[in-house]
Amino acid sequence: MATLSKKELEKMDKYFNALNYLSVAQLYLLDNPLLRRGLVITDVKPNVVGHWGTAPGQNFIYMHLNRVIKKNNLKMIYLSGPGHGGQAMIANNYLEGVYSKFYPEITENEEGLKKLFKQFSFPGGVSSHVAPETPGSIHEGGELGYSLSHAAGAVLDNPDLIAACVVGDGEAETGPLATSWNINKFLNIKNDGVVLPILHRNGYKIANPTVFGRMSEEEIEDFFCGLGWKPYFVTGSNTLKMHEKMATTLDKVIKDITRIKKTGSGSYPVIILTTPKGWTGPKEVAGKKMEGSFRAHQVPLPITRDNPENLKLLEKWLRSYHPEELFDEKGRLIPELRELCPTYSKCMGASNYANGGLLLKELKTPDWEKYAIEVKTPGCIVDQDTMELGNYIRDVFTLNKDNKNFRIFGPDEALSNRFNHVFEVENRTWNFKAIKSTDEYLAKNGRVMDSYLSEHLCQGMLEGYLLTGRHGFIHSYEAFVRIVDSMASQHAKWLKVCNQIPWRAPIASLNYLLVSHVQNKKVNN
C-alpha cells in the first residue's frame, strides 16, 4: 500500500517545484520574479554567484522532514552540512512564512519575492551558504566537516529533540566529519536527543567525483553497519517515485527512533539519499552533461550582459517548474500547498533550539575565592593549579545538576590535565557496548566528554551545546589544540555576525583551558 495518496503525491511534487523555482531564481533574478513576461537580460544579476548542485536535494529532504514533523508532532532542527546551497534553506523558510517573520521587508507577495531573489549572493545581501542570518541555522556551511558534531552537541541533554543533519558526500571526505560518525557511541538514549544523519550522495564535488558516490550500496551498507548505524537507501531521479520512497523511508525511520527511545536499545538510522547533482536542472549545456555531473555544482548557465545566449535556456528552466500553478495573483504560495507546512511553532526555521540564547539559563557558580590557596611563604605549598580548579568545576557540576546545562569536553585528557576532583561527582560519557571492570569513571549518563581522542569532535560538540543554549569549556594541551584553530575562527566569525542580527539572542562564551604550555628558558653563553 502506498504511503502517499495520489493527491498528497501531486501536492508534494508541486511544493518541490516551488522550492526549486525559488532556489534557481535566487541565483539568477533581479526582476520579473514570477515570469509575468518574457525574461530579458536586465532581469538577471550582472554577476551570478552561487551553487546549484546541492540545492534540489536539500529542498527534497527539508520538505519531507516537514511532513513527518507535522504527522508526528516532532521537535526537530535542520543542519545543512554541504558547503553551499544556502538558497534551499531560505526557500523553505520563506514558503513556510518563517522568513518574513524574521525579515518583514521580505513580504509574501511578488514584491517580496523580488527582494528575496535580489539579496541572495549579492552586494549588501546574504551569503550563498547557510549563515547566521538564516533562520533555523546553528551551522555555517562555509567550512566543511562540523555538521555531525554540531548536531550531536545540540541533542545532548535535549531528550525530545531530533537534529536532522544533512551531510554532503564531499563534506564526508573531511577528517572532522569522518571521525564524527562515532557520535552514536556517546549519546545516551534516555537523556539525549537523536541525530538523524542524511548522507546526500549526489556523486560529485566541485570538479571531481566523491568517494561515497563511487562506492556500491553494499559497500556503504557495510561501512555504516560497522559503525553501528542502520542504513536506509533512497535512490532515484523520478520525482514522483522519489517522493513515495522518501515518505515510506522516513515513516520507518521515525518508528525506529520511537522504538529505540522507548526500549533503550537498537541502532539509530542513517539515510543515504542518492539523487543527481543539480537534480531537475538543465540536462545538458553546450553539448556537455550538466545534471548528474560536477558541472552542476555551481552556476549551470553562465549569463552575462556580453554573453546572453543562455537567457532562453534559463527561462525554459524556470518555467519548467510552472510558477503560474504555484503562486496566486499576488505572488503568494497557493493555500493547498501552504497546508503542507507545519504550524509556525513546529517549523524548523522558527525553533528556539536554533536560537539558543532564548533558552539560556544562567550558570550557577560558587564563590571562587573559597578555592584560593594561601601561600604564606615562598615554597611552603606544593599544589597544582588545575587540580585546585577541579574542585571548583566539581561544585559547578553539583550546583547545576538539576538544570543539566553544563558539560566539559577534552580529548582523553581530563585526568592528565588534573581534573581529578571532578570525578568525585561526575563520570565520562560512554554509551558503546559494556563498561568493563578495568575501566575508570565511565558511565552512560556521564557529563565529561573525554572518552574520544578527537579534538574536532570535542570542539564541535561543545559548539553545538553552546549554540543551543548551554554552558561548557574545552581543555587541551597547548600543542594539540592547534588542530581546531580553524574551528575557533569559524565560531568567532559566527558570533561576530550574530552580534549584528537583532533577533539572535546571545549565547554563552566558548572557553578554552590550555595546559602543558611550552616554556622558553633563556640560556646565557
Side-chain angles (χ1 to χ4, degrees), residues 14-50 52 55-56 59 62-63 66 85-137 299 301 303 305 308 311 314-341 344 347-350 500-503:
K14 282 187 174 183
Y15 194 89
F16 187 41
N17 280 341
L19 290 169
N20 288 332
Y21 180 83
L22 263 59
S23 296
V24 180
Q26 284 180 79
L27 268 180
Y28 286 95
L29 296 187
L30 276 176
D31 202 355
N32 194 12
L34 288 172
L35 303 182
R36 306 287 196 193
R37 52 176 172 77
L39 205 60
V40 297
I41 192 65
T42 53
D43 292 332
V44 180
K45 296 173 183 177
N47 185 27
V48 180
V49 179
W52 161 247
N59 285 332
Y62 201 110
M63 64 174 288
N66 273 346
Q87 70 268 43
M89 201 165 176
I90 291 173
N92 278 276
N93 284 337
Y94 180 79
L95 291 188
E96 294 168 352
V98 169
Y99 204 80
S100 297
K101 294 283 188 181
F102 286 91
Y103 302 102
E105 69 277 12
I106 308 293
T107 48
E108 294 185 68
N109 53 29
E110 189 167 1
E111 184 61 28
L113 284 171
K114 181 179 176 179
K115 292 178 180 178
L116 183 79
F117 299 163
K118 180 180 179 179
Q119 71 170 5
F120 183 77
S121 198
F122 196 77
V126 300
S127 65
S128 67
H129 56 271
V130 173
E133 296 94 338
T134 310
S137 62
V299 180
L301 293 172
I303 300 172
R305 299 294 196 270
L311 191 64
L314 174 60
E315 182 171 349
K316 182 181 178 181
W317 180 13
L318 285 165
R319 290 195 185 278
S320 72
Y321 299 118
H322 303 287
E324 71 281 358
E325 298 177 2
L326 310 173
F327 301 93
D328 63 22
E329 65 281 357
K330 293 183 179 179
R332 182 181 168 90
L333 186 70
I334 60 175
E336 68 178 88
L337 298 184
R338 190 63 173 267
E339 290 173 359
L340 295 176
C341 304
Y344 183 84
C347 287
M348 291 184 283
Q500 301 164 6
I501 301 172
W503 54 264

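Source: prediction; values computed, not measured. Just so you know, residue 1 is the first one in the sequence shown, and it goes up from there.
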Notebook entry, point to check: Taking only residues two or more places apart in sequence, or in another chain, which ones meet E315 in a salt bridge (Lys or Arg N to Asp or Glu O under 4.0 Å)?
Noted result: R319
Item checked: Pairs flagged by side-chain hydrogen bond (donor to acceptor under 3.5 Å, both in side chains) wherever residues 116-126 is involved - sequence neighbours left out -> Y99-Q119
For [X], give me all partners under side-chain contact (heavy atoms from CB on, under 4.5 Å), at least two apart in sequence or on another chain.
X    : answer
E111 : N109, K114, K115
P308 : I41
K14  : E325, L326, L337
N32  : L35, R36, R37, L39, D43

Checklist line | S127: side chain to side chain donor-acceptor pair (under 3.5 Å) partners, not counting sequence neighbours | finding: none
Next item on the list: Please identify each residue that fulfils side chain to side chain donor-acceptor pair (under 3.5 Å) with E329, with sequence neighbours left out.
Entry: none
List in chain and number order the residues that pass ring pair (Phe, Tyr, Trp, His ring centres under 6.0 Å) with [X], two or more places apart in sequence or in another chain; answer none if no residue qualifies.
X   : value
F16 : F60, H243, W279
Y21 : none
Y94 : none

Next item on the list: Would you mind listing every ring pair (Phe, Tyr, Trp, His ring centres under 6.0 Å) that reaches into residues 107-127, with sequence neighbours excluded?
Entry: none
